[in-house]
Amino acid sequence: MKELVELIARSLVDHPDDVNVIEKQDEKGIVLELHVADTDMGKVIGKHGRIAKAIRTVVKAAAIKDDKKVLVEIVQ
């Protein structure tokens, strides 16, 4: 899942070297924290959060296939 989020984020931003995904485990399941450059934050979130929602939907679909629960958080 981590690689999937990195791949999607790197294709969206102007500074792909600044993309970093940290995987954490908690009581809810797997939490993926997506870190991007401040100037690329809008590109990852999108208007009204549409891009962020799409990223979460793709990851959720992949997680269901693996029978896991994954949460994607976009962090500054």
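What you see is a predicted model, and the numbers here were worked out from it, not measured in a lab. Numbers here simply count residues along the sequence, with the first being 1.
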Approximate separation, where rounding is to 0.5 Å, of Glu6 CD and Leu34 CG: 9.0 Å

Atom pair NZ/NZ of Lys53 and Lys60 - distance to nearest 0.5 Å: 10.0 Å

Gap separating the CG atom of Asp18 from the CZ atom of Arg10, nearest 0.5 angstrom: 9.0 Å

Lys24 and Ile30, any side-chain heavy atoms less than 4.5 Å apart: no

Hphob cluster co-occupancy, Leu7 + Val36, side-chain heavy atoms under 4.5 angstrom: no

Nearest heavy-atom neighbours spanning Ser11 and Ile8: OG-O, 2.7 Å

Gap separating the CG atom of Asn20 from the CD atom of Glu33, nearest 0.5 angstrom: 9.5 Å

Hphob cluster co-occupancy, Met1 + Val58, side-chain heavy atoms under 4.5 angstrom: yes

Polar side-chain atom of Asp26 near backbone of Gly29 as donor-acceptor pair, under 3.5 Å: yes

Nearest non-hydrogen partners of Met41 and Gln76, listed with the distance: CE-CG, 3.4 Å

Step-by-step side-chain contact (heavy atoms from CB on, under 4.5 Å) determination, Glu73 to Leu32: CA-CA 6 Å; Glu73 293 181 355; Leu32 299 174; over 6 Å; no

Atom pair CD1 (Ile74) and NE2 (His35), whose distance is rounded to the nearest 0.5 Å: 11.0 Å

Between CG on residue Leu12 and CD1 on residue Ile45, distance to nearest 0.5 Å: 12.0 Å

Side-chain donor/acceptor of Asp14 to backbone N/O of Asp40, under 3.5 Å: no

Below 3.5 Å, can you tabulate the donor-acceptor pairs from side chains in residues 61-72 to any protein atom, sequence neighbours excluded?
none

Single-linkage hydrophobic cluster, 4.5 Å side-chain cutoff, Ile55 and Val31 together: no

